[in-house]
There are 4 protein chains.
Amino acid sequence: MPIQKVTKNEIIAKALNVFSNKGYHNTSMSDLAAEVGLLKGSFYHYFISKEELMVQILESIDYELKSNVYPLAFHKQYPASKRMKLFLKGLSKVVIHKNGGCILGNTILETANLYPSFRHLLTTIMDGIVQSFANIYLELYSQEQSQILAQQTLMELEGAIMFSKLYSNPSIFQDFQKRMIQRVETDS
Amino acid sequence: MPIQKVTKNEIIAKALNVFSNKGYHNTSMSDLAAEVGLLKGSFYHYFISKEELMVQILESIDYELKSNVYPLAFHKQYPASKRMKLFLKGLSKVVIHKNGGCILGNTILETANLYPSFRHLLTTIMDGIVQSFANIYLELYSQEQSQILAQQTLMELEGAIMFSKLYSNPSIFQDFQKRMIQRVETDS
Amino acid sequence: MPIQKVTKNEIIAKALNVFSNKGYHNTSMSDLAAEVGLLKGSFYHYFISKEELMVQILESIDYELKSNVYPLAFHKQYPASKRMKLFLKGLSKVVIHKNGGCILGNTILETANLYPSFRHLLTTIMDGIVQSFANIYLELYSQEQSQILAQQTLMELEGAIMFSKLYSNPSIFQDFQKRMIQRVETDS
Amino acid sequence: MPIQKVTKNEIIAKALNVFSNKGYHNTSMSDLAAEVGLLKGSFYHYFISKEELMVQILESIDYELKSNVYPLAFHKQYPASKRMKLFLKGLSKVVIHKNGGCILGNTILETANLYPSFRHLLTTIMDGIVQSFANIYLELYSQEQSQILAQQTLMELEGAIMFSKLYSNPSIFQDFQKRMIQRVETDS
DNA sequence: TATGAATGAGCGTTCATTCAT
DNA sequence: GATGAATGAACGCTCATTCAT
């Protein structure tokens with residue numbers, strides 16, 4: 001076998017970081033290649049285009065969430081507050097990158113109108129997150145209320161990350177998390 | 001005397017629209033010039049750079065909000081719900097563009113880490129909006145609670161616009177507005 | 001007015017030469033720019049793409065032939081042999097370039113199946129040349145025979161240029177010309 | 001022992017087809033590898049370069065013509081017209097590919113000035129074809145006249161193929177064939 | 001003020017080729 | 001013999017910007 005400097009997954013992980021920090025259009029293939037330690041041209045052995053790379057990043061996020069994060073919201077034995085805490089932690093790990101904000105929010109605002117291939121994946125992921133939140137709320141609220149609360153939660157989450165980024169102040173997002181956990185605490 | 005084809009304000013208004021729809025990095029000076037009806041070279045008589053143009057756009061937004069929108073939230077005779085309604089309407093007019101979302105949110109996510117000149121203006125504007133919301137909430141809540149609610153409101157607003165854009169569904173943002181108005185309704 | 005290093009027509013003339021010598025695909029925009037004394041990027045002020053440049057080259061050939069060459073074949077007072085001689089000379093001047101062969105033949109073989117925009121122009125030009133030959137033959141042959149002979153003549157012309165190029169021997173094409181002139185000589 | 005996925009001859013046959021359709025410069029090694037079912041890297045076990053591949057294609061054409069096609073023109077018992085018919089048929093089979101035209105004409109126009117290694121082979125082949133035509137004409141014409149007619153025939157053949165390609169009309173080439181056969185028919 | 005030619009760097013992508021495995 | 005990762009140069013083209021006119 002030939003020398004393998006990197007794996008596809010390593011590229012996806014590193015590219016995700018660069019995109020998070022610089023945005024889709026402001027990230028060049030050179031930036032990505034440099035981050036990975038390849039030449040620009042070599043990048044195309046792994047991904048046929050910049051667009052396809054982003055698609056695969058989003059797919060890997062979708063997979064990661066389905067495998068490891070959504071289940072946290074559906075855990076049978078934990079109370080809502082614990083599930084909320086674990087879910088937010090897991091979600092943050094996959095989707096939020098220091099200083100760069102949330103890859104989902106970033107990508108939605110920058111590209112949703114331009115790349116249908118992105119939009120479809122992004123809606124799938126956002127739907128999945130909302131349903132997970134909704135399941136947590138179901139412990140305390142009606143079906144309908146849970147749905148609404150879940151959507152609001154994700155909206156506020158994206159807003160909170162935006163604020164954190166603008167003010168370079170991570171505690172804004174941490175406060176948001178605490179608020180969400182408290183909301184589902186039943187201190188009987 | 002030479003012909004003046006456009007005014008600086010006209011350029012700012014049109015450029016704001018283009019940036020809202022295409023994003024900062026994905027908008028070229030050619031795009032802007034074409035929209036305004038100037039040639040690329042002529043553009044530089046009005047704005048020395050793309051960055052400076054965006055700065056002036058943000059400044060004009062700041063000015064517009066201070067002049068015409070924040071006062072709506074401080075109106076002495078109107079009840080909170082009416083002020084909320086008027087304020088949201090005024091804010092949307094200045095800051096939200098059809099399909100393109102909110103220029104503030106877009107610009108924060110795309111550029112806050114890259115252009116300090118943008119960041120300062122954006123914080124000023126976001127602070128102003130939060131304080132306006134807070135003033136509305138003050139009719140019903142404590143100082144501290146109003147502050148928190150105001151920040152949450154703006155977060156959720158940005159999230160709601162993001163959702164509207166992703167799902168191409170303006171009613172998500174309209175529902176958000178209704179929710180905010182109801183929150184401060186005191187139907188005694 | 002800004003400094004003008006070159007005119008569009010100069011570019012067309014020089015690009016025609018380069019394309020004739022190197023072929024369409026083997027000619028890079030850098031090659032063309034260098035020939036003209038511009039940077040690659042500057043080229044795009046004159047032609048929006050390589051394809052469009054070739055289109056305009058073909059259009060200028062069509063125009064040149066219509067203006068100055070076809071009329072030679074329709075000259076009322078000259079005998080067929082003189083018209084043939086003048087027409088071949090005029091045609092060669094526009095369409096054949098030393099060592100590079102015939103831009104029409106080259107472009108047909110290399111691109112006719114790839115660029116519909118080229119094909120349409122090429123057929124127009126080839127039709128015009130055939131009709132001119134046919135008009136010369138009409139002095140001695142029937143309508144129908146003239147048509148056939150005209151087409152054969154252009155075929156042989158392209159073949160003769162191909163041979164000249166392959167053997168680096170211009171006299172092959174010159175012999176062809178003599179043969180064509182003799183064919184319409186009426187030595188009464 | 002390692003698997004041999006293809007033979008050199010198979011590659012040559014398939015590459016000939018691709019080059020015929022797309023031209024030399026517009027055909028990439030990836031195109032060729034894909035057509036053959038090999039990966040790009042594997043290709044270089046068979047041919048050290050794109051140029052060398054084309055050389056071997058031309059050599060194989062030369063060989064094929066010498067083995068199976070030229071003899072048709074020298075057949076002792078057949079009359080000129082039958083030899084012409086068989087020879088044209090045999091020649092077409094080796095050298096002409098549907099839609100793509102004649103590999104010889106294509107390659108001459110595109111590369112004769114660029115690759116001396118091609119030029120030598122191409123002249124050898126063209127000479128061989130001319131001599132075969134000449135031999136057919138010898139039945140009816142003088143040595144000298146046969147030579148001239150033979151060269152003219154090949155020129156017109158290449159021109160006829162060019163026209164067929166430009167107008168996407170194979171009957172132009174078929175008409176040419178009929179004309180050549182009739183020319184040597186002696187209907188006594 | 002407006003023009004548009006020119007720049008030089010950079011874009012995303014493809015090229016022919018190499019070579020350790 | 002076959003692989004496919006890697007190269008480095010080049011591709012066609014666009015970028016933000018400059019400036020003589």
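Numbered from 1 within each chain, the chains take letters A, B, ... in sequence-line order.
In this view, Glu51(D) and Tyr24(D), Ser49(D), Tyr115(D), Ser117(D), Phe118(D) satisfy the side-chain contact (heavy atoms from CB on, under 4.5 Å) rule, not counting sequence neighbours. Listed by chain and number, the residues in a side-chain contact (heavy atoms from CB on, under 4.5 Å) with Leu114(A) are His25(A), Asn26(B) (sequence neighbours excluded).
The stretch residues 16-33 of chain C participates, sequence neighbours left out, in these salt bridge (charged side-chain N to carboxylate O under 4.0 Å, His left out) pairs: Lys22(C)-Asp31(C).
With values rounded to the nearest 0.5 angstrom, Ile12(D) atom CD1 is found 8.5 Å from Thr7(D) atom OG1. Taking CG of Asn106(A) as the reference point, atom OG1 of Thr111(A) lies at 9.5 Å (rounded to 0.5 Å). Atoms NZ and OG, from Lys98(B) and Ser20(B) in turn, are 9.5 Å apart once rounded to the nearest 0.5 Å. Taking CG from Leu16(C) and CD1 from Ile57(C), the interatomic distance works out to 5.5 Å, rounded to the nearest 0.5 Å.
When rounded to the nearest whole Å, the span between CZ of Phe43(B) and P of dA5(E) equals 19 Å. For the pair Met54(D) CE and dA16(E) P, the computed distance is 13 Å after rounding to whole Å. Taking atom CG on Leu32(B) and atom C1' on dT17(F), their separation rounds to 14 Å, with Å as the unit.
Annotation: cation-pi pair Lys14(A)/Phe19(A) absent, no NZ/CZ under 6.0 Å from the ring centroid and within 45° of its normal. Cation-pi geometry between Lys8(C) and Phe47(C) is met: the NZ or CZ atom falls under 6.0 Å from the ring centre, inside 45° of the normal.
Listed by residue number, the members of residues 106-119 of chain A with any heavy atom below 4.0 angstrom from DNA chain F form an empty set.
In DNA chain E, consecutive stretches of 3 or more Watson-Crick or G-U wobble pairs with both distances under 3.5 Å are given as paired ranges: E:2-21 with F:2-21.
Checking the phosphate oxygens (OP1, OP2) of dG4(F), no side-chain nitrogen or oxygen of Tyr46(A) falls inside 4.0 Å.
Scanning both residues, Ser168(D) and Arg119(C), for their nearest heavy atoms gives OG-NH2, 3.0 Å.
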Under a 4.0 Å heavy-atom criterion, the protein footprint on nucleotides 8-15 of chain F, written with B, S and -, is B--SBBBS
